[in-house]
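The sequence lines fix the lettering, A, B, ..., with proteins before strands; numbering per chain opens at 1.
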Protein chains: 2
Amino acid sequence: MSRIPEAVMRRLPRYYRHLDSLEKKDIIRVSSKQLGESLRMTASQIRHDLNFFGGFGQQGYGYNVTELKQKLVHILGIDIIRNVIIVGAGNIGNALARYGSFENEGFKLLAIFDNDEKLIGTKIRNILIHDSEELVQYIKDNKIDIVVLTIPGKFAQQIAYISQQAGAGAIWNFAPVDVTLEGIEVENIHLTDSLMTLSFRLACEEKGGC
Amino acid sequence: MSRIPEAVMRRLPRYYRHLDSLEKKDIIRVSSKQLGESLRMTASQIRHDLNFFGGFGQQGYGYNVTELKQKLVHILGIDIIRNVIIVGAGNIGNALARYGSFENEGFKLLAIFDNDEKLIGTKIRNILIHDSEELVQYIKDNKIDIVVLTIPGKFAQQIAYISQQAGAGAIWNFAPVDVTLEGIEVENIHLTDSLMTLSFRLACEEKGGC
DNA sequence: TAGATTGTTAATCGATTAACAATC
DNA sequence: TAGATTGTTAATCGATTAACAATC
(Lines give C-alpha, C1' and ligand atoms only; values in the text may rest on other atoms or scores of the structure.)
Protein backbone atom coordinates (compact mmCIF):
# COMPACT_ATOMS: atom_id res chain seq x y z
CA MET A 1 0.00 0.00 0.00
CA SER A 2 1.48 3.36 -0.99
CA ARG A 3 2.01 5.90 1.78
CA ILE A 4 -1.24 7.67 2.62
CA PRO A 5 -1.08 11.47 2.46
CA GLU A 6 -1.97 13.26 5.69
CA ALA A 7 -4.72 15.21 3.91
CA VAL A 8 -6.36 11.99 2.73
CA MET A 9 -6.17 10.42 6.18
CA ARG A 10 -7.92 13.38 7.76
CA ARG A 11 -10.86 13.03 5.40
CA LEU A 12 -11.46 9.37 6.20
CA PRO A 13 -13.46 9.90 9.40
CA ARG A 14 -15.75 12.27 7.51
CA TYR A 15 -16.39 9.66 4.87
CA TYR A 16 -17.06 7.15 7.59
CA ARG A 17 -19.48 9.47 9.40
CA HIS A 18 -21.38 10.19 6.22
CA LEU A 19 -21.60 6.56 5.13
CA ASP A 20 -22.83 5.67 8.60
CA SER A 21 -25.62 8.23 8.33
CA LEU A 22 -26.57 7.00 4.84
CA GLU A 23 -26.71 3.47 6.17
CA LYS A 24 -28.99 4.56 9.01
CA LYS A 25 -31.32 6.03 6.38
CA ASP A 26 -31.34 2.62 4.67
CA ILE A 27 -29.66 3.96 1.56
CA ILE A 28 -28.09 1.06 -0.33
CA ARG A 29 -25.90 2.68 -2.96
CA VAL A 30 -24.18 5.97 -3.51
CA SER A 31 -22.03 7.42 -6.29
CA SER A 32 -18.96 9.58 -5.85
CA LYS A 33 -20.99 12.39 -7.40
CA GLN A 34 -23.66 12.12 -4.71
CA LEU A 35 -21.05 11.86 -1.97
CA GLY A 36 -19.34 14.92 -3.38
CA GLU A 37 -22.54 16.93 -3.28
CA SER A 38 -23.30 15.97 0.32
CA LEU A 39 -19.78 16.52 1.55
CA ARG A 40 -19.15 19.57 -0.62
CA MET A 41 -16.10 18.24 -2.34
CA THR A 42 -15.34 16.99 -5.84
CA ALA A 43 -16.36 13.49 -6.87
CA SER A 44 -12.88 13.19 -8.28
CA GLN A 45 -11.27 13.73 -4.91
CA ILE A 46 -13.44 11.12 -3.26
CA ARG A 47 -12.61 8.49 -5.87
CA HIS A 48 -8.95 9.45 -5.72
CA ASP A 49 -8.89 9.18 -1.93
CA LEU A 50 -10.69 5.85 -1.76
CA ASN A 51 -8.41 4.39 -4.40
CA PHE A 52 -5.43 4.69 -2.11
CA PHE A 53 -7.01 1.74 -0.31
CA GLY A 54 -8.42 -0.19 -3.24
CA GLY A 55 -11.26 -0.13 -5.74
CA PHE A 56 -14.37 -0.36 -3.63
CA GLY A 57 -16.83 0.73 -6.29
CA GLN A 58 -18.32 -0.65 -9.41
CA GLN A 59 -18.46 1.11 -12.76
CA GLY A 60 -21.93 2.24 -13.68
CA TYR A 61 -23.21 1.57 -10.16
CA GLY A 62 -21.19 3.47 -7.60
CA TYR A 63 -20.49 2.23 -4.09
CA ASN A 64 -22.48 -0.07 -1.85
CA VAL A 65 -23.04 1.97 1.31
CA THR A 66 -22.68 -0.82 3.85
CA GLU A 67 -19.71 -2.35 2.11
CA LEU A 68 -17.87 0.95 1.82
CA LYS A 69 -18.63 1.80 5.43
CA GLN A 70 -17.24 -1.55 6.52
CA LYS A 71 -14.09 -0.94 4.50
CA LEU A 72 -13.68 2.42 6.23
CA VAL A 73 -14.24 0.84 9.65
CA HIS A 74 -11.44 -1.55 8.87
CA ILE A 75 -9.13 1.09 7.36
CA LEU A 76 -9.65 3.37 10.37
CA GLY A 77 -9.06 0.44 12.70
CA ILE A 78 -12.18 1.19 14.72
CA ASP A 79 -13.04 -2.49 14.64
CA ILE A 80 -10.20 -2.95 17.12
CA ILE A 81 -10.88 -2.07 20.77
CA ARG A 82 -8.38 0.51 21.99
CA ASN A 83 -7.57 0.95 25.64
CA VAL A 84 -7.56 4.55 26.73
CA ILE A 85 -6.62 6.37 29.91
CA ILE A 86 -7.14 10.02 30.77
CA VAL A 87 -4.52 11.97 32.68
CA GLY A 88 -6.06 15.00 34.37
CA ALA A 89 -9.56 14.97 35.86
CA GLY A 90 -10.22 18.68 35.35
CA ASN A 91 -12.84 20.24 33.13
CA ILE A 92 -11.89 18.72 29.82
CA GLY A 93 -10.82 15.39 31.31
CA ASN A 94 -14.18 15.15 33.02
CA ALA A 95 -16.11 16.00 29.88
CA LEU A 96 -14.23 13.41 27.83
CA ALA A 97 -14.70 10.77 30.51
CA ARG A 98 -18.44 11.40 30.59
CA TYR A 99 -18.76 11.60 26.84
CA GLY A 100 -19.99 8.10 26.13
CA SER A 101 -19.96 8.04 22.38
CA PHE A 102 -16.27 7.24 21.98
CA GLU A 103 -17.11 3.77 23.26
CA ASN A 104 -19.28 3.23 20.19
CA GLU A 105 -16.22 3.66 17.99
CA GLY A 106 -14.09 1.12 19.81
CA PHE A 107 -12.40 3.26 22.45
CA LYS A 108 -12.51 1.87 25.97
CA LEU A 109 -11.72 4.11 28.92
CA LEU A 110 -9.92 2.07 31.59
CA ALA A 111 -8.74 4.61 34.12
CA ILE A 112 -8.30 8.26 34.98
CA PHE A 113 -5.29 9.77 36.76
CA ASP A 114 -4.97 12.93 38.81
CA ASN A 115 -2.75 14.25 41.56
CA ASP A 116 -5.53 15.91 43.58
CA GLU A 117 -6.02 13.86 46.73
CA LYS A 118 -9.66 14.89 46.96
CA LEU A 119 -10.31 13.23 43.59
CA ILE A 120 -8.18 10.11 43.94
CA GLY A 121 -10.37 7.14 44.77
CA THR A 122 -13.57 8.75 43.45
CA LYS A 123 -15.19 7.74 40.20
CA ILE A 124 -16.45 9.35 37.03
CA ARG A 125 -19.07 7.19 35.36
CA ASN A 126 -17.74 3.99 36.99
CA ILE A 127 -14.16 4.82 36.10
CA LEU A 128 -11.80 5.08 39.06
CA ILE A 129 -9.51 8.07 39.47
CA HIS A 130 -6.03 6.85 40.36
CA ASP A 131 -3.07 8.67 41.85
CA SER A 132 -0.81 10.03 39.09
CA GLU A 133 2.07 8.34 40.88
CA GLU A 134 0.68 5.05 39.62
CA LEU A 135 0.58 6.12 35.98
CA VAL A 136 3.81 4.52 34.79
CA GLN A 137 3.13 1.25 36.53
CA TYR A 138 -0.43 1.18 35.22
CA ILE A 139 0.72 1.65 31.64
CA LYS A 140 3.34 -1.04 32.12
CA ASP A 141 0.79 -3.48 33.56
CA ASN A 142 -1.98 -2.83 31.04
CA LYS A 143 -1.78 -2.52 27.28
CA ILE A 144 -2.60 1.18 26.89
CA ASP A 145 -3.11 2.34 23.33
CA ILE A 146 -4.00 5.97 23.89
CA VAL A 147 -3.09 8.37 26.69
CA VAL A 148 -5.32 11.45 26.78
CA LEU A 149 -3.60 14.49 28.27
CA THR A 150 -5.95 16.99 29.88
CA ILE A 151 -3.41 18.58 32.16
CA PRO A 152 -1.78 22.00 32.31
CA GLY A 153 0.63 22.77 29.47
CA LYS A 154 3.72 22.76 31.61
CA PHE A 155 3.30 19.05 32.42
CA ALA A 156 2.22 17.81 29.01
CA GLN A 157 5.54 17.13 27.32
CA GLN A 158 6.95 15.32 30.34
CA ILE A 159 3.89 13.15 30.97
CA ALA A 160 3.79 12.33 27.26
CA TYR A 161 7.43 11.27 27.44
CA ILE A 162 7.05 9.02 30.45
CA SER A 163 3.90 7.51 28.95
CA GLN A 164 5.84 6.63 25.85
CA GLN A 165 8.67 5.13 27.90
CA ALA A 166 6.14 3.05 29.82
CA GLY A 167 4.78 1.65 26.56
CA ALA A 168 1.81 3.76 25.45
CA GLY A 169 1.06 3.76 21.73
CA ALA A 170 -0.36 7.22 21.16
CA ILE A 171 -0.94 10.59 22.82
CA TRP A 172 -4.10 12.65 22.45
CA ASN A 173 -3.05 16.01 23.79
CA PHE A 174 -5.42 18.77 24.88
CA ALA A 175 -2.82 20.88 26.67
CA PRO A 176 -2.06 24.13 24.87
CA VAL A 177 1.46 23.14 23.86
CA ASP A 178 2.69 21.03 20.98
CA VAL A 179 3.77 17.67 22.27
CA THR A 180 6.57 16.41 20.06
CA LEU A 181 7.91 12.89 20.38
CA GLU A 182 9.55 10.50 17.95
CA GLY A 183 8.26 6.97 17.65
CA ILE A 184 4.78 7.51 19.03
CA GLU A 185 1.62 8.82 17.40
CA VAL A 186 0.64 12.25 18.69
CA GLU A 187 -2.49 14.23 17.99
CA ASN A 188 -2.62 17.75 19.40
CA ILE A 189 -6.00 19.42 19.92
CA HIS A 190 -5.63 23.13 20.35
CA LEU A 191 -9.02 24.54 21.23
CA THR A 192 -7.74 28.03 21.82
CA ASP A 193 -5.97 28.03 18.45
CA SER A 194 -9.20 27.04 16.78
CA LEU A 195 -11.08 29.81 18.53
CA MET A 196 -8.39 32.27 17.47
CA THR A 197 -8.90 31.39 13.82
CA LEU A 198 -12.53 32.51 14.29
CA SER A 199 -11.30 35.70 15.90
CA PHE A 200 -8.92 36.21 12.97
CA ARG A 201 -11.64 35.65 10.40
CA LEU A 202 -14.06 37.99 12.17
CA ALA A 203 -11.35 40.66 12.32
CA CYS A 204 -10.68 40.14 8.60
CA GLU A 205 -14.34 40.57 7.75
CA GLU A 206 -14.50 43.76 9.75
CA LYS A 207 -11.47 45.10 7.90
CA GLY A 208 -13.15 44.19 4.62
CA GLY A 209 -11.18 41.08 3.83
CA CYS A 210 -7.68 39.71 4.11
CA MET B 1 -3.41 42.81 1.76
CA SER B 2 -3.33 39.71 -0.42
CA ARG B 3 -5.71 36.92 0.52
CA ILE B 4 -4.25 34.84 3.35
CA PRO B 5 -4.01 31.11 2.61
CA GLU B 6 -5.87 28.86 5.01
CA ALA B 7 -2.68 26.98 5.87
CA VAL B 8 -0.95 30.22 6.87
CA MET B 9 -3.89 31.33 9.01
CA ARG B 10 -3.87 28.07 10.95
CA ARG B 11 -0.22 28.55 11.88
CA LEU B 12 -0.71 32.02 13.32
CA PRO B 13 -1.98 30.95 16.76
CA ARG B 14 1.06 28.72 17.12
CA TYR B 15 3.36 31.60 16.38
CA TYR B 16 1.48 33.69 18.88
CA ARG B 17 1.69 31.01 21.57
CA HIS B 18 5.40 30.59 21.05
CA LEU B 19 6.14 34.31 21.04
CA ASP B 20 4.12 34.65 24.23
CA SER B 21 6.20 31.97 25.90
CA LEU B 22 9.45 33.57 24.73
CA GLU B 23 8.29 36.91 26.10
CA LYS B 24 7.51 35.30 29.47
CA LYS B 25 11.09 34.02 29.52
CA ASP B 26 12.25 37.62 28.95
CA ILE B 27 13.74 36.82 25.58
CA ILE B 28 14.09 40.02 23.58
CA ARG B 29 14.92 38.91 20.05
CA VAL B 30 14.51 35.83 17.95
CA SER B 31 15.47 34.87 14.40
CA SER B 32 13.38 32.89 11.95
CA LYS B 33 16.03 30.19 12.25
CA GLN B 34 15.53 29.94 16.01
CA LEU B 35 11.76 30.01 15.64
CA GLY B 36 11.99 27.27 13.05
CA GLU B 37 14.01 25.06 15.37
CA SER B 38 11.58 25.51 18.25
CA LEU B 39 8.48 25.03 16.14
CA ARG B 40 9.99 22.33 13.94
CA MET B 41 9.41 24.06 10.68
CA THR B 42 11.62 25.80 8.14
CA ALA B 43 12.84 29.34 8.77
CA SER B 44 11.79 30.04 5.22
CA GLN B 45 8.20 29.17 5.93
CA ILE B 46 8.05 31.40 8.97
CA ARG B 47 9.43 34.40 7.08
CA HIS B 48 7.16 33.65 4.16
CA ASP B 49 4.10 33.44 6.42
CA LEU B 50 4.86 36.61 8.38
CA ASN B 51 5.46 38.53 5.19
CA PHE B 52 1.84 38.14 4.18
CA PHE B 53 1.20 40.71 6.89
CA GLY B 54 4.26 42.89 6.48
CA GLY B 55 7.96 42.97 7.21
CA PHE B 56 8.21 42.76 10.97
CA GLY B 57 11.87 41.85 11.14
CA GLN B 58 15.18 43.53 10.63
CA GLN B 59 18.01 42.20 8.49
CA GLY B 60 20.93 40.98 10.52
CA TYR B 61 18.89 41.09 13.74
CA GLY B 62 15.76 39.01 13.45
CA TYR B 63 12.49 39.85 15.18
CA ASN B 64 11.79 41.70 18.39
CA VAL B 65 9.76 39.24 20.47
CA THR B 66 7.37 41.70 22.08
CA GLU B 67 6.81 43.63 18.89
CA LEU B 68 6.13 40.51 16.83
CA LYS B 69 3.81 39.16 19.50
CA GLN B 70 1.88 42.42 19.48
CA LYS B 71 1.59 42.27 15.71
CA LEU B 72 0.18 38.75 16.00
CA VAL B 73 -2.27 39.84 18.70
CA HIS B 74 -3.53 42.47 16.31
CA ILE B 75 -3.58 40.21 13.26
CA LEU B 76 -5.49 37.54 15.18
CA GLY B 77 -7.88 40.15 16.49
CA ILE B 78 -7.51 38.97 20.08
CA ASP B 79 -7.14 42.57 21.18
CA ILE B 80 -10.88 42.88 20.49
CA ILE B 81 -13.27 41.51 23.12
CA ARG B 82 -15.59 38.93 21.55
CA ASN B 83 -18.94 38.09 23.06
CA VAL B 84 -19.57 34.38 23.23
CA ILE B 85 -22.55 32.24 24.17
CA ILE B 86 -22.67 28.48 24.63
CA VAL B 87 -25.65 26.47 23.45
CA GLY B 88 -25.86 23.16 25.29
CA ALA B 89 -24.89 22.77 28.95
CA GLY B 90 -23.85 19.12 28.69
CA ASN B 91 -20.38 17.69 29.23
CA ILE B 92 -18.46 19.68 26.68
CA GLY B 93 -20.50 22.85 27.17
CA ASN B 94 -19.81 22.66 30.86
CA ALA B 95 -16.11 22.10 30.39
CA LEU B 96 -15.79 25.05 28.01
CA ALA B 97 -17.79 27.28 30.34
CA ARG B 98 -15.53 26.41 33.26
CA TYR B 99 -12.34 26.67 31.22
CA GLY B 100 -11.26 30.13 32.20
CA SER B 101 -8.33 30.69 29.93
CA PHE B 102 -10.33 31.78 26.91
CA GLU B 103 -11.04 34.99 28.79
CA ASN B 104 -7.32 35.78 28.70
CA GLU B 105 -7.45 35.84 24.93
CA GLY B 106 -10.34 38.25 24.65
CA PHE B 107 -13.31 35.90 24.64
CA LYS B 108 -16.11 36.82 27.03
CA LEU B 109 -18.78 34.27 27.88
CA LEU B 110 -22.12 36.04 28.34
CA ALA B 111 -24.67 33.29 28.61
CA ILE B 112 -25.39 29.59 28.30
CA PHE B 113 -28.53 28.06 26.82
CA ASP B 114 -30.13 24.70 27.38
CA ASN B 115 -33.57 23.17 27.12
CA ASP B 116 -33.36 21.09 30.29
CA GLU B 117 -35.69 22.68 32.85
CA LYS B 118 -33.56 21.38 35.71
CA LEU B 119 -30.63 23.42 34.42
CA ILE B 120 -32.40 26.61 33.36
CA GLY B 121 -31.90 29.30 35.97
CA THR B 122 -28.82 27.66 37.48
CA LYS B 123 -25.31 28.98 36.93
CA ILE B 124 -21.94 27.73 35.80
CA ARG B 125 -19.16 29.91 37.15
CA ASN B 126 -21.46 32.94 37.51
CA ILE B 127 -22.90 32.47 34.03
CA LEU B 128 -26.66 31.99 33.92
CA ILE B 129 -28.20 29.11 31.98
CA HIS B 130 -31.11 30.44 29.93
CA ASP B 131 -33.98 28.64 28.27
CA SER B 132 -33.11 27.79 24.66
CA GLU B 133 -36.39 29.43 23.69
CA GLU B 134 -34.76 32.76 24.45
CA LEU B 135 -31.77 32.15 22.20
CA VAL B 136 -32.91 34.11 19.16
CA GLN B 137 -34.05 37.08 21.18
CA TYR B 138 -30.84 37.08 23.19
CA ILE B 139 -28.70 37.15 20.07
CA LYS B 140 -30.84 39.93 18.64
CA ASP B 141 -30.56 41.99 21.83
CA ASN B 142 -26.84 41.49 22.39
CA LYS B 143 -24.00 41.67 19.93
CA ILE B 144 -22.96 38.02 19.86
CA ASP B 145 -19.77 37.29 17.97
CA ILE B 146 -19.43 33.57 18.53
CA VAL B 147 -22.04 30.89 19.19
CA VAL B 148 -20.56 27.69 20.60
CA LEU B 149 -22.59 24.61 19.75
CA THR B 150 -22.25 21.77 22.25
CA ILE B 151 -25.51 20.08 21.42
CA PRO B 152 -26.42 16.77 19.77
CA GLY B 153 -25.62 16.54 16.08
CA LYS B 154 -29.22 16.47 14.93
CA PHE B 155 -29.81 20.01 16.24
CA ALA B 156 -26.54 21.60 15.20
CA GLN B 157 -27.29 22.70 11.65
CA GLN B 158 -30.64 24.19 12.59
CA ILE B 159 -29.40 26.07 15.66
CA ALA B 160 -26.48 27.35 13.61
CA TYR B 161 -28.91 28.60 10.99
CA ILE B 162 -31.20 30.43 13.39
CA SER B 163 -28.16 31.89 15.17
CA GLN B 164 -26.97 33.30 11.89
CA GLN B 165 -30.41 34.70 11.10
CA ALA B 166 -30.51 36.35 14.51
CA GLY B 167 -27.20 38.06 13.80
CA ALA B 168 -24.38 35.93 15.18
CA GLY B 169 -20.98 36.36 13.53
CA ALA B 170 -19.43 32.92 13.87
CA ILE B 171 -20.16 29.34 14.89
CA TRP B 172 -17.81 27.14 16.87
CA ASN B 173 -19.30 23.71 16.42
CA PHE B 174 -18.54 20.70 18.59
CA ALA B 175 -21.41 18.55 17.34
CA PRO B 176 -20.25 15.60 15.24
CA VAL B 177 -21.68 16.95 11.99
CA ASP B 178 -20.30 19.48 9.55
CA VAL B 179 -22.21 22.71 9.91
CA THR B 180 -22.26 24.43 6.55
CA LEU B 181 -23.55 27.94 6.15
CA GLU B 182 -22.78 30.72 3.70
CA GLY B 183 -21.96 34.17 5.00
CA ILE B 184 -20.88 33.25 8.50
CA GLU B 185 -17.59 31.96 9.83
CA VAL B 186 -17.79 28.33 10.93
CA GLU B 187 -15.19 26.26 12.72
CA ASN B 188 -16.00 22.59 13.22
CA ILE B 189 -14.24 20.66 15.98
CA HIS B 190 -14.56 16.95 15.47
CA LEU B 191 -13.08 15.23 18.48
CA THR B 192 -14.10 11.78 17.36
CA ASP B 193 -12.54 12.33 13.94
CA SER B 194 -9.31 13.32 15.61
CA LEU B 195 -9.36 10.24 17.79
CA MET B 196 -10.02 8.11 14.71
CA THR B 197 -6.88 9.40 13.03
CA LEU B 198 -4.96 8.02 16.02
CA SER B 199 -6.77 4.73 15.60
CA PHE B 200 -5.89 4.76 11.91
CA ARG B 201 -2.24 5.47 12.58
CA LEU B 202 -2.00 2.78 15.24
CA ALA B 203 -3.61 0.29 12.86
CA CYS B 204 -1.13 1.31 10.15
CA GLU B 205 1.80 0.77 12.47
CA GLU B 206 0.53 -2.67 13.38
CA LYS B 207 0.23 -3.54 9.71
CA GLY B 208 3.78 -2.34 9.18
CA GLY B 209 3.01 0.97 7.54
CA CYS B 210 0.56 2.55 5.12
C1' DT C 1 33.07 47.27 7.57
C1' DA C 2 31.85 42.21 8.01
C1' DG C 3 28.48 39.10 9.51
C1' DA C 4 23.88 38.05 10.09
C1' DT C 5 19.41 37.68 8.77
C1' DT C 6 15.55 39.50 6.49
C1' DG C 7 12.14 39.97 2.48
C1' DT C 8 11.10 38.13 -1.78
C1' DT C 9 11.38 35.61 -6.00
C1' DA C 10 12.06 31.26 -8.27
C1' DA C 11 12.12 26.17 -7.96
C1' DT C 12 10.22 22.21 -6.03
C1' DC C 13 7.00 19.46 -4.13
C1' DG C 14 2.49 17.73 -3.08
C1' DA C 15 -2.47 17.90 -3.37
C1' DT C 16 -6.57 18.69 -6.10
C1' DT C 17 -9.12 18.55 -10.23
C1' DA C 18 -10.08 17.20 -14.97
C1' DA C 19 -10.32 13.90 -18.36
C1' DC C 20 -11.30 9.63 -20.24
C1' DA C 21 -10.63 4.71 -21.23
C1' DA C 22 -12.29 0.67 -18.95
C1' DT C 23 -16.20 -1.79 -17.67
C1' DC C 24 -20.30 -2.95 -14.98
C1' DT D 1 -26.65 -3.02 -25.70
C1' DA D 2 -26.55 1.92 -23.90
C1' DG D 3 -25.87 4.64 -19.97
C1' DA D 4 -23.55 5.37 -15.89
C1' DT D 5 -19.79 5.62 -13.13
C1' DT D 6 -15.55 3.90 -11.67
C1' DG D 7 -10.26 3.72 -11.48
C1' DT D 8 -6.38 6.03 -12.98
C1' DT D 9 -3.37 9.06 -15.43
C1' DA D 10 -2.30 13.73 -16.76
C1' DA D 11 -2.91 18.72 -15.97
C1' DT D 12 -3.52 22.29 -12.80
C1' DC D 13 -3.23 24.53 -8.77
C1' DG D 14 -1.39 25.85 -4.34
C1' DA D 15 1.88 25.38 -0.64
C1' DT D 16 6.60 24.70 0.85
C1' DT D 17 11.39 25.22 0.41
C1' DA D 18 15.63 27.09 -1.50
C1' DA D 19 18.27 30.78 -2.94
C1' DC D 20 20.06 35.18 -2.77
C1' DA D 21 20.14 40.23 -3.25
C1' DA D 22 19.09 43.84 -0.01
C1' DT D 23 20.35 45.82 4.15
C1' DC D 24 20.70 46.36 9.14
Side-chain angles (χ1 to χ4, degrees), chain A residues 1-15 18-19 22 27-72 75 178 197 200 209-210, chain B residues 1-15 18-19 22 27-72 75 178 197 200 209-210:
Chain A
M1 203 188 293
S2 58
R3 184 136 234 93
I4 308 303
E6 169 93 5
V8 173
M9 179 190 77
R10 299 220 163 258
R11 283 191 290 267
L12 298 175
R14 240 174 111 222
Y15 296 151
H18 189 68
L19 269 294
L22 291 178
I27 292 164
I28 306 292
R29 56 172 278 206
V30 70
S31 68
S32 59
K33 185 154 172 281
Q34 292 168 317
L35 285 172
E37 277 158 15
S38 307
L39 298 170
R40 285 159 209 253
M41 50 201 296
T42 63
S44 195
Q45 181 166 61
I46 291 168
R47 294 201 301 280
H48 205 270
D49 283 358
L50 294 176
N51 275 85
F52 276 99
F53 303 96
F56 303 141
Q58 199 168 75
Q59 284 99 327
Y61 174 87
Y63 300 87
N64 176 286
V65 170
T66 298
E67 191 190 312
L68 183 54
K69 182 194 147 184
Q70 281 312 314
K71 294 287 186 189
L72 285 165
I75 291 163
D178 285 294
T197 71
F200 172 81
C210 57
Chain B
M1 200 188 297
S2 60
R3 183 136 234 91
I4 307 304
E6 169 92 6
V8 173
M9 178 191 78
R10 298 218 164 260
R11 283 190 290 266
L12 298 175
R14 245 176 107 219
Y15 295 152
H18 190 66
L19 268 295
L22 290 179
I27 291 164
I28 306 290
R29 57 172 278 208
V30 69
S31 68
S32 59
K33 186 155 173 279
Q34 290 169 319
L35 284 171
E37 277 159 16
S38 305
L39 298 170
R40 284 158 208 251
M41 50 201 295
T42 63
S44 194
Q45 181 166 62
I46 291 167
R47 294 201 301 280
H48 204 270
D49 283 358
L50 294 176
N51 276 84
F52 277 98
F53 303 96
F56 303 139
Q58 199 170 73
Q59 283 101 327
Y61 175 86
Y63 301 86
N64 175 287
V65 170
T66 299
E67 191 191 310
L68 183 54
K69 183 194 146 182
Q70 281 312 313
K71 294 286 185 190
L72 285 165
I75 291 164
D178 285 293
T197 71
F200 172 80
C210 60

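- Here A/Ser44 lies in heavy-atom contact (under 4.0 Å) with a base.
- A donor-acceptor pair is defined here as one N or O able to donate and one able to accept, closer than 3.5 Å; no such pair exists between the side chain of B/Arg29 and the backbone of B/Gly62.
- Nearest heavy atoms, A/Tyr61 versus A/Ile28: OH-CG2, 4.1 Å.
- Comparing A/His48 and A/Gly62 by the nucleotide of DNA chain D whose heavy atom lies nearest to each, the residue mapping closer to the 5' end is A/Gly62.
- The line from CG of A/Leu19 to NZ of A/Lys71 is 13.0 Å long, rounded to the nearest 0.5 Å.
- Both A/Arg47 and A/Gly60 lie close to DNA chain C; mapped to their nearest nucleotides by heavy-atom distance, the more 5′-ward contact belongs to A/Arg47.
- Contact check on B/Arg10 versus B/Glu6 returns a salt bridge, with a Lys/Arg side-chain nitrogen under 4.0 Å from an Asp/Glu carboxylate oxygen.
- Between the CD atom in A/Gln58 and the OG atom in A/Ser31 there is a gap of 13.5 Å [rounded to 0.5 Å].
- Among the duplex regions that DNA chain C forms, those built from at least three successive Watson-Crick or G-U pairs under 3.5 Å are C:3-24 with D:3-24, ordered by first number.
- Sequence order on DNA chain C of the closest nucleotides to A/Glu6 and B/Lys33 puts B/Lys33 first from the 5' end.
- Note that the first and last nucleotides of DNA chain C, 5' to 3', having any atom under 4.0 angstrom from a heavy atom of chain B are C/dA4 to C/dT9.
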Take A/Cys210 and A/Phe200 through the side chain to side chain contact (heavy atoms under 4.5 Å, CB included) test and state the conclusion after the steps. CA-CA 10 Å; A/Cys210 57; A/Phe200 172 81; 4.0 Å; yes

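- Within the 3.5 Å criterion, the main-chain N or O of B/Asp49 finds no donor-acceptor partner in the side chain of B/Arg11.
- Listed by first and then second residue, the salt bridge (charged side-chain N to carboxylate O under 4.0 Å, His left out) pairs that reach into residues 54-66 of chain B come to none, sequence neighbours excluded.
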